[in-house]
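Quick note on labels: first sequence line is chain A, next is B, and so on, each numbered from 1.
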Protein chains: 2
Amino acid sequence: MEESEEASSRGDGEASSRSARTPRERYRLQVRAEVKEHAREQIAAAGASALSLNAIARQMGMSGPALYRYFSSRDELITELVRDAYRSLADTFVRTAGQEPDPTALAHALREWALQDPHRYFLVYGTPVPGYRAPDDVTVIATEIMAVLLDAWTARPVPGTGTALDAHLQEHRRWAGGHPAPAAVLRRALAFWTRLHGVLSLELAGHFNGMGLDPALLYASEVDEILGRGSTGPDRTSEG
Amino acid sequence: MEESEEASSRGDGEASSRSARTPRERYRLQVRAEVKEHAREQIAAAGASALSLNAIARQMGMSGPALYRYFSSRDELITELVRDAYRSLADTFVRTAGQEPDPTALAHALREWALQDPHRYFLVYGTPVPGYRAPDDVTVIATEIMAVLLDAWTARPVPGTGTALDAHLQEHRRWAGGHPAPAAVLRRALAFWTRLHGVLSLELAGHFNGMGLDPALLYASEVDEILGRGSTGPDRTSEG
DNA sequence: AGGCTGCGTGATAGCGTCTAACTAAATCTT
DNA sequence: AAGATTTAGTTAGACGCTATCACGCAGCCT
């Protein structure tokens, strides 16, 4: 929760570089923050599609159109929340990597972050809106997130190279943002990302609910297997 | 596209067991189908949240409330589309498994199915609506899908058993719906599902777009690795 | 032919986004 | 301090949406 605060107070997408100079500006930022606070609650309660500026205004004791002084549209508010979510995830990763620069630690930090507020996760990785194009600074944060992953995997011993993917990744390493990691590391980090997202998003979407499975165990097992720590090796032996 | 038709015409959730007896009923089913057709187009164009009964009515040349004769609410229409999506995926799997009972074939059938209509995929595996509870017949279809996966993996040689997961899966195999597969097979099928969903959903959500990566290659590599056919073995050698 | 059933209509309530014109207060300028 | 300007908030209203209701009307069945 405090982390969410931190991220939102950091997101002063307005004129002031830090904090606020004039009282007006300070007030403005505070109202914006309060609006986002209510917005987060609404999203947590009923999903992003149910977010209503009118309802927020009511909760804050003012009348509908007043909020348009602070957010030019409902979409802008949502975009801001998406930005904050990205920012919060990136911060979590950076902080975790600072304490324990290990893929395992990142993996569990990711799940904890996601469970703290599942809808925040879906704000980042959920069903996209067809027309929507993420603003540039968001993609910058995404690259930052990738960088943490690459660092974490760089620290680990890399297996032999030569996958078909590796060649492709070597040619298209723009997304790595100038990170010097070898292709094999890119591949590992990428797989780390996609595989954790696979388990985690299915858990958050409730697809394991009816199955009686323990999501934490599932996730931990997946992490172990990604790290090569699975108690059962892959079945290349039984392969033709 | 034809497949979609097939699925929708199959979904006669009404009174008639097959086709339609009376002319009235036939008319009713046809209108329902036409409504769903327009709904699918709208969802493909602007996502499920933008679906509007009013707009559909306009497109069909009738006035808003008329549609409530056919669907009691917007939610019911969406639920119906979700059901159709599940049905369509299950049919695709069953058909594919009938022709080529191999996980690889299923994997690529899944991606093709998803690419045919990405929003249909998200109808099944996308961001959930907080209050929403899937109807029972949908979970039945989900079990059917799982059964196809289990069959496909049963046909393959299984690696040694003994993962921590295996014990858990052995105790909670209710979701397997009475399928006799050993725990190791359950584990493989589950990983198959979560890992493919990981790559595929990120592709469909456009998260690879800004990266310049080739999603098809990524997916194929993941499939290869799941099957143990990766040109690079996992790095248990380099593991401490 | 007559009665029932079900289809489609317009009217209406209620909620949502968002614009526009206006008031009032705070801030800036001189 | 007084006036000019900027900004916050208001109400009114246009417009779209879901959903209900009462009504007319056609098709269907006996």
For Gln42(B) and dG16(D), give me the distance from atom CD to atom P, rounded to whole Å.
-> 14 Å
Between CG of Leu53(B) and C1' of dT20(D) the distance, given in whole Å, is 14 Å
Is any side-chain N or O of Tyr70(B) closer than 4.0 Å to OP1 or OP2 of dG8(C)?
-> yes
May I ask you to evaluate whether Arg28(A) reaches the phosphate of dA8(D), defined as a side-chain N or O under 4.0 Å from OP1 or OP2?
-> yes
Please give, in whole Å, the distance from dC18(C) C1' to Ile56(A) CD1?
-> 15 Å
Would you say Ser52(A) reaches dC15(C)'s phosphate, i.e. side-chain N/O to OP1/OP2 under 4.0 Å?
-> no
Mark yes or no for whether Arg28(A), through its side chain, and Arg69(A), through its backbone, hold a donor-acceptor pair below 3.5 Å.
-> yes
Check: Arg69(B) side chain, dG8(C) base, donor-acceptor under 3.5 Å = yes
Listing time: all N or O pairs from protein to nucleotides 27-30 of chain C that are below 3.5 Å?
none

Is the closest side-chain heavy-atom distance between Tyr125(A) and Ser201(A) below 4.5 Å?
-> no
Atom-pair distance (CZ on Phe71(A); P on dT17(C)), nearest Å | 14 Å
Scan nucleotides 11-13 of chain D against the protein and return all N/O pairs shorter than 3.5 Å with their distances rounded to 0.1 Å.
residue: dT11(D); atom: OP2; partner: Ser63(A); partner atom: OG; Å: 3.3

What are the two closest heavy atoms between Ala205(B) and Phe122(B), and how far apart are they?
-> N-CZ, 3.8 Å
What is the distance from OH of Tyr68(A) to C1' of dA21(C), rounded to the nearest Å?
-> 17 Å
Report the nucleotide, chosen from dT20(D), dG16(C), dC18(C), that has the shortest atom-to-atom distance to any side-chain atom of Asn54(A).
-> dG16(C)
Where the side chain of Arg120(A) meets the backbone of Ala85(A), is there a donor-acceptor pair that is under 3.5 Å apart?
-> no
Determine the contact category for Leu51(B): base if any of its heavy atoms lies under 4.0 Å from a base atom, sugar-phosphate if only primed atoms, P, OP1 or OP2 are that close, otherwise nothing.
-> sugar-phosphate
Could Glu37(B) and Arg40(B) be called an ion pair, given the rule that one side-chain N must be under 4.0 Å from one carboxylate O?
-> yes
Gap between atoms CD and P, on Gln30(B) and dC7(C) respectively (whole Å) = 13 Å
Would one find a side-chain N or O of Tyr27(B) under 4.0 angstrom from OP1 or OP2 of dC28(D)?
-> no
Atom CE of Met60(A) and atom P of dG9(D) are separated, to the nearest Å, by 8 Å
Applying side chain to side chain contact (heavy atoms under 4.5 Å, CB included) between Leu110(A) and each of Ile145(A), Val223(A), Leu200(A), Thr96(A), report the one that passes.
-> Leu200(A)
Taking only Lys NZ, Arg NE, NH1 and NH2, and the carboxylate oxygens of Asp or Glu, determine whether Arg83(A) and Glu76(A) approach each other closer than 4.0 Å.
-> no
SB check Glu144(A) Arg87(A) (cutoff 4.0 Å) | yes
Figure out the CG/C1' separation between Leu67(B) and dG8(C), and round it to whole Å.
-> 10 Å
Heavy-atom closest contact (Thr143(B) atom, Trp175(B) atom, distance) = CG2-O, 3.7 Å
When you look at CD of Gln30(B), are more than 12 heavy atoms from neighbouring residues, nucleotides or ligands closer to it than 6.0 Å?
-> no
